[in-house]
Structures are given as C-alpha cells and as structure tokens.
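Accompanying notes for the structure given below.
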Amino acid sequence: MSRFQRECADQNVSLSIDRVVSSQARQMPTELLSPRQHETIELALEKGYFDVPRRTTLVELADELGISDQAVSARIRRAMKTLSQSFLTEGDTKDRLQLTGQ
C-alpha cells in the first residue's frame, strides 16, 4: 500500500483511502460485521424479522439473545449500515474509476 501511495505521489496523482478491506471480506460481506452483529442479523433472518409481514419482533429477538430490544435494534442498524456502506462504496468507487478513464 505504501509503495502504491509513493508511486501515485511521484506521478502527481492525488488519492485518499477511505478504508482497507481484505479480499476475503469482499467475498463474504458478513466478515465486516462483529460477531454479535452477525449473530443478531442471522437470527433476525431465521426468525422472519425482515419478512413482510414480520414473523417476529425486536422483543422476541431480544428475549432469545438475552439483551434489550433497544440493543437488538442498535445491532441491526449498525450491521445494516456497515453492509450498505460496503456495497454502495464499492459501486461508487467503480463508477468514479470509470468516469476518470482508469
């Protein structure tokens, strides 16, 4: 990474690095989640929290996980934000590279 930055600087190419993600994480987006977030999302999917209509509630998920419904909600929101940013940022980067002709 350092060598790449030096090469860019030598060629007067400015860049900024928003985040570094392993190639394995790109293959498995759940690797971006904490173990607790992963467990919560997995349970929410299994129990039908994301179904329409929902087959379970935050309170029911919280009871199963042994935490408050507010904690479940926070874990789900953080996990969804992380996953969304991962997918959206990846697309934005590809779009920016195409626009600049690289």
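- Counting heavy atoms from C-beta on, the side chains of Leu58 and Tyr49 come closer than 4.5 Å.
- Side-chain contact annotation: Arg77 with Ser73, donor-acceptor N/O pair under 3.5 Å present.
- Contact annotation: the side chain of Arg78 never approaches that of Leu33 to less than 4.5 Å [non-hydrogen atoms, C-beta and beyond].
- Between the CD atom of Gln11 and the SG atom of Cys8 there is a distance of 8.5 Å, given to the nearest 0.5 Å.
- Atom OG1 of Thr82 sits about 5.5 Å away from atom CD of Gln37, to the nearest 0.5 Å.
- Partners of Ala62 by side chain to side chain contact (heavy atoms under 4.5 Å, CB included), not counting sequence neighbours, listed by chain and number: Asp69, Val72.
- The hydrophobic clustering, which links ILVMFWY residues whose side-chain heavy atoms are closer than 4.5 Å, places Met80 and Leu45 together.
- Between the CG atom in Leu61 and the CG atom in Leu43 there is a gap of 5.0 Å [rounded to 0.5 Å].
- Counting only residues at least two apart or in different chains, salt bridge (charged side-chain N to carboxylate O under 4.0 Å, His left out) contacts with residues 50-61 comprise Asp51-Arg55.
- Between atom CZ of residue Phe50 and atom OG1 of residue Thr56 there is a gap of 11.0 Å, rounded to the nearest 0.5 Å.
- Within the 4.5 Å cutoff, no side-chain heavy atoms of Arg75 are placed close to those of Ile41.
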